[in-house]
There are 2 protein chains.
Amino acid sequence: MAVTIRDVARASGVHVSTVSRTFSAPHLVNAETRNRVLAVAEQLGYRPNRAARGLTTGRTHNLGLIVADIANPFFPPLIKAAQAHARARDYHVFVADTDEDPRVEEELIRAFTKQVDGVLLCAPRLGDRTLAKLRRQVPFVLVNRRLDGLPAVLMDVGHGARLAVEHLAGLGHRRLALLSGPEGSWNSRRIRESAADAAAAAGAELTVIGPNSPTEQGGQIAAPEVARAAVTGVLAYNDLVAIGLVEGLAELGVRVPDDVSVVGVDDIMQARLNRPKLTTVAMPTVAAGRTAVDMLLQLVGTEEPGPAALTVLETTLVVRESTAAAPVEERPARLPSGEVT
Amino acid sequence: MAVTIRDVARASGVHVSTVSRTFSAPHLVNAETRNRVLAVAEQLGYRPNRAARGLTTGRTHNLGLIVADIANPFFPPLIKAAQAHARARDYHVFVADTDEDPRVEEELIRAFTKQVDGVLLCAPRLGDRTLAKLRRQVPFVLVNRRLDGLPAVLMDVGHGARLAVEHLAGLGHRRLALLSGPEGSWNSRRIRESAADAAAAAGAELTVIGPNSPTEQGGQIAAPEVARAAVTGVLAYNDLVAIGLVEGLAELGVRVPDDVSVVGVDDIMQARLNRPKLTTVAMPTVAAGRTAVDMLLQLVGTEEPGPAALTVLETTLVVRESTAAAPVEERPARLPSGEVT
DNA sequence: CTCATTAATGCAAACGATTGCAGCTCCGTC
DNA sequence: GACGGAGCTGCAATCGTTTGCATTAATGAG
């Protein structure tokens, strides 16, 4: 068996409470005693049992972080920022992956309950009702999802989508496609709405394709449909989809950006590495990770909730090589405000 | 406060032990009572406190998984495989990232202690002595690291490195470079040793460069040095480094594979997406994740350790577009077994 | 009808820590 | 020389569950 506080107490001739205090309130115990206890503890290899401590104090000093897909390069920077930030505040972050499955997501939240002080839910796929119910199990902060009464940090992807569409329109593209994201995704809806608005304002036509899986595969699969739709500009739900699409189009003999322009969302590392380098909407993931931790810690620190905080972070458009002026044949055919049958 | 077993007991007019049993040993309680308790529990929203349960049973049904860098695309498939496999066995996997810092690694192992039943250590950066000490805190299984007396699953990257060097030599390359990995990495040493052996056997010269950071940046930074070394074939510690190198060489006007051939290690998703598609040593990450979980569960399930198991998984060479025949000017200048000053 | 058996439940002691309260010693003060 | 206070330490209850044992009631056998 592991060595417990009791073993240390016995071996150093003091009561367990003194040992406990040596670790959790050192100033309350005589320097001499403290040193003796520490020495014995060290020698016995004693480590406080954090689970047991959590039972009495109600604080585990752990945070949970749930993402839909660790393999999506969008998340690691956020995760790392959150971990580093939390560690500096003497908290540990445990990460879990839901595999895009809402049921797994719920199960994981339940599993985290009482083992962490709070959880960061990144782009949850769960429905509003379930989330509202779950919030009573464990405090949480949402990332990229808005729900009344719950603290959240949002990246204003709608703004980014608008910029993207305006960028394409400015390049002369009039027939655009949107490769949409997962049903449950709040981000996906924001992108769709803003892109539609911006397209309408710019007098461009916008076709919605999908949703397919929010991965390269999803993008690759969408390629034939994109080609068939005869669009010249595409906004993809995220960079992975965009990269997959470029790949898929290449196989169909469609060149990017010569024949069609593609813009992604997220600005993951691969966007820079891709050929052509991807034009994309950059997300402030690091800031989001830090902010979310701060909000969560503030939430678990206080007895009463206070008003649910909401932080909105800005997104920007990064123009690289995957977008270019629309092909000439396409332009003269339609009026700027052209309607379609 | 959260609703506890006691609340349920009171509300349903039975003793706490009966409530406990309805959840952990249903067959011991009368069907009628059980249903009543379950109904009350449901209505009150009772959830067992897993930390408290772990205190008495000694089992948390959680596993920890520690990696050096979540952002490295090598890990996600392994992580996902481990999570899925564990979930099927009613275990949850919590992941933590050490940021390549051995101190953080140790801290995380300590943090996991008693909160999980065992931990999977992926390519730990910790020294042998520390690992040997830590193993008494919590059972663990090593991945890609060998240490006497500790169960491990290894991917035979040495074999892969040998294949890679033979592949390059077979294409006529005589001057090779190895971009080495982090000091503490067991894999890195294996690669270096095997590559050196294979190079010697093939009569090729092998220059070791680095170590730099095992990331794209690291590869990019190494590019000038590679160019200066006037080699025609490079084996990189991993795909990220290889991809960064290709990028860095391009900026220097050196073409891959025309001027120099590059092979990576890991076969991450980006290897297929890169232009040129990367020739690389494929690692059986999914199998590794599953096997590691199995070994760990077997380890925590039994009272006495038994012999430390060791599983070695095979690696293969995937030839794509980043390797080609050595440039012609280079070949006639030297004998196959050419020595250098 | 009695007795052994079984099924269902209650009782209370753990698990490993924390913490309010009380007690003791020692010191300085008046 | 009694008193008040400070500084340490011990006592025991508590956190939410599990589980070996005792208890009770119901069942079946002889």
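A note on names: the letters A, B, ... follow the listed sequences, proteins ahead of strands, and every chain is numbered from 1.
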Undergrad: Between the protein and nucleotides 20-25 of chain D, which nitrogen or oxygen pairs are less than 3.5 angstrom apart?
TA:
none

Undergrad: When you measure from the side chain of Asn30(A), which nucleotide among dT9(D), dC11(C), dC11(D) comes out closest?
TA: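 Nucleotide nearest to Asn30(A)'s side chain: dT9(D).
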
Undergrad: Tell me the closest heavy-atom pair linking Leu310(A) and Met295(A), and the distance in Å.
TA: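 In this case the closest contact between Leu310(A) and Met295(A) is N-CE, 4.5 Å.
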
Undergrad: Identify whether the distance between the nearest side-chain nitrogen and carboxylate oxygen of Lys80(B) and Asp69(A) falls below 4.0 Å.
TA: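 A salt bridge links Lys80(B) with Asp69(A).
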
Undergrad: For His61(B) and Asp117(B), which I'm curious about, is there any donor-acceptor pair between the side chains at under 3.5 Å?
TA: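 Absent: no donor and acceptor within the cut-off.
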
Undergrad: So, does Thr56(A) get its side chain near the phosphate of dT19(C), meaning an N or O under 4.0 Å from OP1 or OP2?
TA: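 Negative; the distance criterion is not met.
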
Undergrad: Aromatic rings Phe94(A) and Phe112(B): how do their planes relate, parallel, tilted or perpendicular, breaks at 30° and 60°?
TA: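 The rings of Phe94(A) and Phe112(B) lie parallel, inter-plane angle below 30°.
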
Undergrad: Please state how far atom CD in Glu32(A) lies from atom P in dC8(D), giving the value in whole angstrom units.
TA: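 Going from CD in Glu32(A) over to P in dC8(D) covers 11 Å.
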
Undergrad: Over how many whole Å does the gap from Ile5(A) atom CD1 to dT9(D) atom P extend?
TA: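 Result: 14 Å.
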
Undergrad: Can you identify which nucleotide, out of dT17(D), dA8(C), dC15(D), has its nearest atom closest to the Thr33(B) side chain?
TA: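 So the nucleotide nearest the side chain must be dA8(C).
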
Undergrad: Distance check needed: dG16(D) P versus Gln137(A) CD, whole Å only.
TA: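 Spelled out: CD on Gln137(A) to P on dG16(D) is 14 Å.
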
Undergrad: Considering the terminal five base pairs at each end of the helix from dC1(C)-dG30(D) to dC30(C)-dG1(D), what angle separates the two local helix axes, rounded to 10°?
TA: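 Taking the rotation axis at each end, their angle is 50°.
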
Undergrad: Closest to the Thr4(B) side chain: dC11(C), dT17(D), dT14(D)?
TA: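 Of all the options, the side chain of Thr4(B) is nearest to dT17(D).
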
Undergrad: Just call it for Val19(B): base, sugar-phosphate, or nothing, with non-hydrogen atoms closer than 4.0 Å on any strand.
TA: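 Nothing: the residue Val19(B), judged by heavy atoms under 4.0 Å, touches no strand.
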
Undergrad: Going by heavy atoms in the side chains, are Val116(B) and Val93(B) under 4.5 Å from each other?
TA: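 They are not in contact (no side-chain heavy atoms under 4.5 Å apart), so the answer is no.
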
Undergrad: Could you tell me whether Asp294(A) and Arg89(A) have a side-chain N and a carboxylate O separated by less than 4.0 Å?
TA: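 Between Arg89(A) and Asp294(A) there is a salt bridge, with a charged N closer than 4.0 Å to a carboxylate O.
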
Undergrad: Starting from P on dT18(D), measure out to NE2 on His61(B) and report it in whole angstrom.
TA: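 So the NE2-P distance, His61(B) to dT18(D), works out to 12 Å.
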
Undergrad: Whether Asp128(B) and Arg145(B) form a salt bridge (side-chain N of Lys/Arg under 4.0 Å from carboxylate O of Asp/Glu) is what I want to check.
TA: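 Yes, this pair counts.
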
Undergrad: Please report the shortest heavy-atom distance between Leu296(A) and Gly118(A), naming the atom on each side.
TA: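 Smallest heavy-atom distance, with atoms named: CD2-C, 3.6 Å.
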
Undergrad: Is the shortest distance from a Lys or Arg side-chain nitrogen in Arg36(B) or Glu32(B) to a carboxylate oxygen in the other one below 4.0 Å?
TA: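 No, this pair does not count.
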
Undergrad: Inspect the surroundings of CZ in Arg136(A) and state if more than 12 heavy atoms from other residues, nucleotides or ligands are less than 6.0 Å away.
TA: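 No, the 6.0 Å shell around CZ holds no more than 12 heavy atoms from other groups.
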
Undergrad: Whole Å only: how far is the CZ atom of Arg59(B) from the C1' atom of dC15(C)?
TA: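 Result: 14 Å.
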
Undergrad: Can Arg110(A) and Glu106(A) be counted as an ion pair, charged N to O under 4.0 angstrom?
TA: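 Answer for the salt bridge query: yes.
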
Undergrad: Give the rounded distance in Å between these two atoms: CZ of Phe23(B) and P of dT18(D).
TA: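 After rounding, the gap between these two atoms is 9 Å.
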
Undergrad: Any non-hydrogen side-chain atom of Leu297(B) less than 4.5 Å from a side-chain atom of Leu63(B)?
TA: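 A side-chain contact under 4.5 Å exists here.
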
Undergrad: Using whole Å, what does the distance between atom P of nucleotide dG10(C) and atom CG of Leu28(B) come to?
TA: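 Nearest whole value for this atom pair: 13 Å.
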
Undergrad: I need the residues from residues 40-55 of chain B with at least one non-hydrogen atom less than 4.0 Å from DNA chain C; give them sorted by number, or say none.
TA: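 Those residues are Leu55(B).
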
Undergrad: Within less than 4.0 Å of OP1 or OP2 of dT9(D), is there a side-chain N or O belonging to His15(A)?
TA: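 The answer is no; no side-chain N or O of His15(A) sits under 4.0 Å from OP1 or OP2.
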
Undergrad: Do any side-chain nitrogens or oxygens of Ser20(B) fall under 4.0 Å of OP1 or OP2 in dT18(D)?
TA: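 So the side chain of Ser20(B) is within the cut-off, an N or O lying under 4.0 Å from OP1 or OP2 of dT18(D).
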
